[in-house]
Amino acid sequence: MDLLEAIHTRRSIRRFTSAPVPEGTAETLLRAAMAAPSAGNQQVWRFVVLRSPDARRAVAAANPHAGMLAEAPLGIVVCADTAAERYPGFWVQDCSAAIQNILLAAHAAGYGAVWLGYHPREDRVEAVQEALGIPRDVRPLGVVAVGRPAEEKGRVDRYDPDKVHHERWQGFAGASEG
């Protein structure tokens with residue numbers, strides 16, 4: 001699968017089979033995550049790999065929209081060690097890029113995945129930190145649930161030329177032209 005095909009056919013998968021995700025595949029996903037760009041190459045991302053049903057259920061319980069994590073054979077919690085930041089605040093972008101790489105790598109390898117957001121909801125962040133023993137300086141941004149898809153979703157084209165501006169902002173219906 002070429003890159004553009006992967007980008008355009010990757011969809012959020014929320015139903016998984018019970019087939020396990022091999023260790024080698026999990027490492028491939030983590031290697032893809034760590035290949036993401038980061039501000040000043042600071043690479044503050046940290047990962048917690050969840051395979052046990054108890055750990056996945058505990059993290060799923062911290063987000064009312066994350067029930068599918070309990071059923072997925074693999075979860076990857078993407079965090080940032082804020083104590084290691086040289087460029088404070090850019091960890092959100094760094095970890096988001098890592099998550100996108102995991103999603104694309106999973107799709108390219110024939111797996112389904114979905115990004116479950118925890119940051120900036122402090123109650124969710126604290127619940128994940130407590131459930132997994134994550135230190136306060138390490139901030140979970142989100143979790144990626146991964147597994148063999150038990151659902152099929154078609155390609156979607158979300159391109160909307162009305163959301164594109166050239167050279168400077170140009171108003172459109174419903175937007176202010178500040």
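Since we're looking at a predicted model, the values are computed, not measured.
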[X] side chain to [Y] backbone, donor-acceptor under 3.5 Å:
| X | Y | result |
| --- | --- | --- |
| Asn63 | Gly117 | yes |
| Tyr118 | Val59 | yes |
| Arg139 | His119 | no |
| Lys153 | Ile13 | no |
| Glu85 | Gly89 | yes |

Can you check side chain to side chain contact (heavy atoms under 4.5 Å, CB included) on Ser96 and Leu141, steps first, answer last? CA-CA 8 Å; Ser96 294; Leu141 177 75; 3.6 Å; yes
Please find the pair of heavy atoms, one from Ala62 and one from Val128, that lie closest to each other, and give the distance.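 So the minimum-distance heavy-atom pair works out to CB-CG2, 4.0 Å.
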Which heavy atom of Gly112 sits nearest to which heavy atom of Pro149, and what is that distance?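 Looking at all heavy atoms of both residues, the closest pair is N-CD, 3.6 Å.
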Stacked cation flag Arg148 on Tyr111, 6.0 angstrom / 45 deg: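 Flagged: Arg148 positioned over aromatic ring of Tyr111.
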What is the distance from atom [atom1] of [X] to atom [atom2] of [Y], rounded to the nearest 0.5 Å?
| X | Y | atom1 | atom2 | answer |
| --- | --- | --- | --- | --- |
| Arg46 | Ile134 | CZ | CD1 | 12.5 Å |
| Leu30 | Thr25 | CG | OG1 | 11.0 Å |
| Thr9 | Leu104 | OG1 | CG | 9.0 Å |
| Gln100 | Trp115 | CD | CH2 | 7.0 Å |
| His107 | Ile102 | NE2 | CD1 | 15.5 Å |

Contacts of type side-chain contact (heavy atoms from CB on, under 4.5 Å), residue Ser52, not counting sequence neighbours: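 For Ser52 the side-chain contact (heavy atoms from CB on, under 4.5 Å) partners, ignoring immediate neighbours, are Asp54, Ala55.
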Taking distance alone, no hydrogens or angles, what donor-acceptor pairs closer than 3.5 Å link side-chain atoms of residues 76-83 to residues at least two apart or in another chain?
from  : atom 1 : to     : atom 2 : distance (Å)
Asp81 : OD1    : Ala83  : N      : 3.1
Thr82 : OG1    : Asp137 : O      : 2.6

Exactly one of Val144, Val49, Leu50, Leu69 should register a side chain to side chain contact (heavy atoms under 4.5 Å, CB included) with Leu74. Which one does?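 Single side chain to side chain contact (heavy atoms under 4.5 Å, CB included) partner of Leu74 among Val144, Val49, Leu50, Leu69: Val49.
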Test: Arg14 and Glu71 ion pair at under 4.0 Å: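 Salt bridge absent between Arg14 and Glu71.
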Are Arg15 and Glu152 within salt-bridge range, i.e. N to O under 4.0 Å?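 Looking at Glu152 together with Arg15, the answer is no, because their closest N to O distance does not fall below 4.0 Å.
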Taking salt bridge (charged side-chain N to carboxylate O under 4.0 Å, His left out) as the definition, give me every residue that meets it alongside Arg121, ordered by chain and number, with sequence neighbours left out.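 Residues passing salt bridge (charged side-chain N to carboxylate O under 4.0 Å, His left out) with Arg121: Asp123.
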What's the verdict on side chain to side chain contact (heavy atoms under 4.5 Å, CB included) for Met1 and Arg10, showing C-alpha distance, side-chain angles and the deciding distance? CA-CA 11 Å; Met1 171 180 315; Arg10 189 222 57 85; over 6 Å; no
Is atom [atom1] of [X] surrounded by more than 12 heavy atoms (other residues, nucleotides or ligands) closer than 6.0 Å?
| X | atom1 | result |
| --- | --- | --- |
| Arg51 | CZ | yes |
| Phe47 | CZ | yes |
| Glu130 | CD | no |

Could you check whether the rings of His165 and Trp169 sit parallel, tilted or perpendicular, using 30° and 60° as the cut-offs?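 Because their plane-to-plane angle is under 30°, the rings of His165 and Trp169 count as parallel.
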Using the rule that Ile, Leu, Val, Met, Phe, Trp and Tyr join whenever any side-chain heavy atoms are under 4.5 Å apart, tell me whether Leu29 and Ile7 fall into a single cluster.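 No.
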Arg124 and His65, any side-chain heavy atoms less than 4.5 Å apart: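 With C-beta onward as the side chain, the pair touches.
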